[in-house]
Amino acid sequence: MKEANVAVGGMHCVMCANAVRRAVKKLDGVQDADVSYASESARITYDENKTNLKAISKAVKKAGYRLVEDKERERKKEFRILLVNFIVSAVLTVPFLIMMIARLTAPESALMLVLGNRWLQLVLASAVEFGIGWRFFRGGWDSVRSGSANMDVLVSLGTLSAYVYSVYNVITGGQTLYFEASTMVITLVFLGKLFEAKAKAHANSAVDGLLRLQPKKASVLRDGAEVSVPTGEIRSGDIVAVRPGEGVAVDGVVTQGHSAVDESMLTGESIPVEKGEGDSVYAGTVNRQGAFQFRAAGVGESTMLSSIVQMVRSAQQSKPPIQKLVDRVAAVFVPVILTIALVTFAAVFFSSWDMARAVSRGVAVLVVACPCALGLATPTALMVGTGMAANMGILIKDADALQLAGKIDTVILDKTGTITKGEPQVTDFAALKGDSQELLQMAASVERQSEHPVGQAIFRYCAEHVQSFPETREFAAQAGRGVTGKVGGHSVRIGKEENRTAEAFEKEGKTSVVLAVDGQPAAVFAVADQVKEDSAEAVVKMKSEGIDAVMVTGDNRVTAQAVAKQVGISHIVAGVLPEGKKNVVADLKKQGRVVAVVGDGANDAPALAAADVGMALGTGTDIAANAGSLVLLSGSLRDVPKAIAVSRAIMRKIRQNLFWAFIYNSLGVPLAAFGVLNPIVAGACMAFSSVSVVTNSLLLKRKKFD
C-alpha cells in the first residue's frame, strides 16, 4: 500500500470534501481517503498494482474538483479570483444598495426614478446571477452529479428563486422585485469567502512556517572549493559548510569546527546547544555562532524536519471521534435544509397567498443555512493547534490521540532515560585509606581502558579532579567482577565489594564500586543515573492538574524508590520486564483510567502501544517514537503536562466551534423561516458564521502554555 498526500483545488465547503472522498473511495484499489476542506488536501492510501495518482486525479476531476501540484500557488490564485469576483459583484450591486437607501430617504427623486427602472435592475442582476455567480451553479451541479449536495446548491437555488420570481414580475408587471436580495447575497458570499480564505491561510501557516525554516541553498565542498547549491541537490556524504547566522540545510554529523546551534524548532527550547565534532545537526536549525562543517546524512524526505512536517500534516488530516458526529450531520444537512425551505415556502404561500413573502422566507432559509461553519469547526482548530504544538516541540501524530490526551488521568513514567538522564554518573567519592588525589589517579589509570558505562563514569569523574595519571600495566576486565591492573607498583582492583560505606550508598539507591589497592579497600565510588533537572517540576505540575504519576521500571525497588523520592512519586512498580510494563497499563485501563505512557527506549514500545496515549521522548529510540502517538522532541518531562494542556485547549476550541456552528443553524433557520431574517441579512449571517469559527480557532495562537 502507498500513501499519498495531495492538494485539492475547487472545494468550497465540507460537502465538497465529502464528495471528493466518495469519488476517490469508489476506485478499485483505494483503501482509504481522508479529505480536509480546511487544509485543502487529501491523504489517500491505495494499492499501486490496482490504481495510481493519474486515475485518482481523473476521478476527482469528474466529481468537479482537481488535484493541484502547488497548494500555495493554487491558494493565491483562488484568492485573486475571489477578490476579482467580489469587486465586480460589489460594483454591480452598489446601485441596488443606493436604491434601497433612496427608497427610504427620497422616494420621488430622479435617482430613484433611474435606479428603480426594472429593466436596468434585470440587466444588473443577470450579470451578477449568471456571470459572477455562475461558479455556484457549476459547483452545485457537479456536487449533485456526484451524488451529494454542497453549499453551492443552497446559494444557487436561493438566489435563483429570488431572481426568477423577480423576472416573472418584470414580465407580468408585478410590483415586488427581489433582485437586490439575489445580488447582495452573492456579493456577501464572496466577501465571506475572502475572509475565510485569509483566515484559512493563517491556520495553515504553522506547516508553511516549518517548511520555510529549511534554507533554499547551502555551501557544499566540491573539489576542494565551496559551491552554493540548491538544498534539493545535496546528497548523503556531502560536506556542508555553515557560517554564523546561517540555517542548517540537511541533517548530518559535525566533522570540523565548534558552534552553538538554535534547535528551538525541534525542542521548543530557546537556549542554543553546543555542537562539536561528532555531534548531530538537523535541517531547519540555525547556527548562532562559530563556523563548522558537517557530513550530510539525512537529505530530502529523510530529514527530521520533513518527518515533523509529515507528522503534522497527517494529524491535521486525521479526524478525531468527535468529527464523526459532524460527518453524519453534514451528510443529511443540505437535503434537510431544502425540505425545510420548501415547507416554509408552501406554508407561507398557502396560508397568506402572498407569493412575495413566501419566496422571501424560502430564500432566507436556503441562504442562512451555510454548512461551512460546521465543516470548518474541527479541522481549523486541529490545524492551528497541531501546528502550534509542533512549534513547541510536541508532535501529535493522530487526532484520536489528541482527543484522548485531554482526558488523561494517569501517566506512567519509565525511569531510565525518562525521569533520569539515562547515563551513570559518580555522585559520591569516599576515601577510606590513603591520599584522595593519589587514589583518584589510580582509578583513572585503570578505568581509562574500561568500556563499561560505570567504568567510563568513574573515569570522567576522576579526570575532572586530577591533572595527570600514570599508565596501567596488565589491565584486565572480568565480567561481573570489575577491572584490575598494575599502577606504579600497586595492584589495583575496582569492582563490587561489601563494606559499610558501600552498603550505605546502596541503601540510597546508588551503585557502589570499591577501589582496592594491594588487596585492601581504599575508596568507594557511588554511581547513579542522575535525575533530570526538570523531572520533579513536571511531576508537581501533573499532580496540580489532578494527574497521577506512576513510575514503572525494570530496575530494583531500592533504586526506584530513591529516584521516586527525589521527584515526588509515591506509586512505584519495579523489577518488571517490557511485557510487565504492558500488563501494568492493561490493569490501570481495567480500572477505568485513561493512561498515558512516557518512555524513550525499545523496552518501552509495548507499553507505549498499549496505552491510550503513548508519549515518546524525541531523545530516545526510533522504535519508541514509532510506537508513541505523541512525540516530545525536547526529551523533557515538562512537555508531558504541556502536551495534555495543549490537547485540552484544542478540544475545548473544537467544542466551542461546534457549539456555535450548531447554535447558528439551530437559530438561523427558524428565524429565517418565520421572517425575522430577510435574505440579505441571512447572507451576511452566513458569511459571518464561517469567519467567526476560523477566527475562534486562530485565537489558540495567543494562548500561553507554561
Side-chain angles (χ1 to χ4, degrees), residues 206-312 387 389-395 417 421-423 532 600-601 616-626 631-636 639:
V207 173
D208 297 336
L210 287 172
L211 290 171
R212 285 194 293 269
L213 290 173
Q214 190 171 30
K216 295 181 179 180
K217 290 189 175 183
S219 298
V220 179
L221 297 183
R222 298 274 170 84
D223 300 324
E226 285 190 20
V227 181
S228 180
V229 301
T231 298
E233 295 182 9
I234 299 176
R235 299 290 176 261
S236 182
D238 281 346
I239 300 298
V240 183
V242 185
R243 296 180 179 82
E246 292 183 344
V248 179
V250 296
D251 293 358
V253 178
V254 176
T255 58
Q256 182 180 319
H258 186 275
S259 185
V261 177
D262 181 353
E263 294 186 341
S264 58
M265 56 78 60
L266 289 177
T267 64
E269 298 293 334
S270 58
I271 301 175
V273 180
E274 295 293 324
K275 298 290 181 180
E277 188 174 338
D279 290 331
S280 297
V281 290
Y282 303 97
T285 58
V286 180
N287 181 28
R288 291 303 183 196
Q289 62 184 43
F292 65 90
Q293 296 178 0
F294 70 92
R295 186 180 304 279
V299 299
E301 298 298 317
S302 299
T303 65
M304 183 177 287
L305 179 61
S306 295
S307 299
I308 291 172
V309 170
Q310 183 56 42
M311 282 187 191
V312 174
N391 287 327
M392 294 162 55
I394 300 169
L395 298 184
K421 294 179 180 179
E423 57 181 34
K532 292 178 181 177
D600 72 321
L617 300 185
T619 50
T621 64
D622 289 341
I623 295 174
N626 290 332
V631 180
L632 311 179
L633 292 174
S634 70
S636 169
D639 282 347

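- The two residues Ala218 and Val240 come nearest to each other via the heavy atoms CB-CG1, 4.1 Å.
- In terms of heavy-atom proximity, Asp262 sits nearest to Thr285 at O-CB, 3.3 Å.
- Residue pairs meeting the salt bridge (charged side-chain N to carboxylate O under 4.0 Å, His left out) criterion with at least one member in residues 227-238, sequence neighbours excluded, are Arg222-Asp238.
- Contact of the Ile394 side chain with the Leu633 side chain is not registered, since no non-hydrogen atoms from C-beta on lie closer than 4.5 Å.
- Looking at residues two or more places apart in sequence or on another chain, you find a side-chain contact (heavy atoms from CB on, under 4.5 Å) between Glu246 and Val242, Arg243.
- Side-chain contact between Glu226 and Leu221 is present, with at least one heavy-atom pair separated by less than 4.5 Å.
- Closest non-hydrogen pair, Val299 versus Ala296, comes out as CG1-CB, 4.1 Å.
- Residues Glu274 and Ala260 share a closest heavy-atom pair of OE2-CB, 3.9 Å.
- Annotation: side chain of Phe292 is in contact with side chain of Val281 (closest heavy-atom distance under 4.5 Å).
- Here the side chain of Ser219 pairs no donor or acceptor atom with the backbone of Ser228 at under 3.5 angstrom.
- Atom NZ of Lys217 has 12 or fewer neighbouring heavy atoms from other residues, nucleotides or ligands inside a 6.0 Å radius.
- The CZ atom of Arg295 sits 3.5 Å away from the CD1 atom of Ile239 when rounded to the nearest 0.5 Å.
- Nearest heavy-atom pair, Gly276 versus His258, reported as atom, atom and distance to 0.1 Å: CA-CD2, 4.0 Å.
- Gln214 contributes a side-chain N or O that, together with a main-chain N or O of Ala249, makes up a donor-acceptor pair within less than 3.5 Å.
- The line from OG of Ser636 to CG of Leu617 is 8.5 Å long, rounded to the nearest 0.5 Å.
- Residues Asp639 and Met392 come closest through the heavy atom pair OD2-O, 4.4 Å.
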Requested in this report: Applying side chain to side chain contact (heavy atoms under 4.5 Å, CB included), run through Val261 and Tyr282 and close with a yes or a no.
Outcome: CA-CA 10 Å; Val261 177; Tyr282 303 97; over 6 Å; no

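- Counting only distance, with no hydrogens or angles, the side chain of Lys216 and the backbone of Gly232 share no donor-acceptor pair below 3.5 Å.
- For the residue pair Thr303 and Asp251, no side-chain donor N or O sits within less than 3.5 Å of a side-chain acceptor on the partner.
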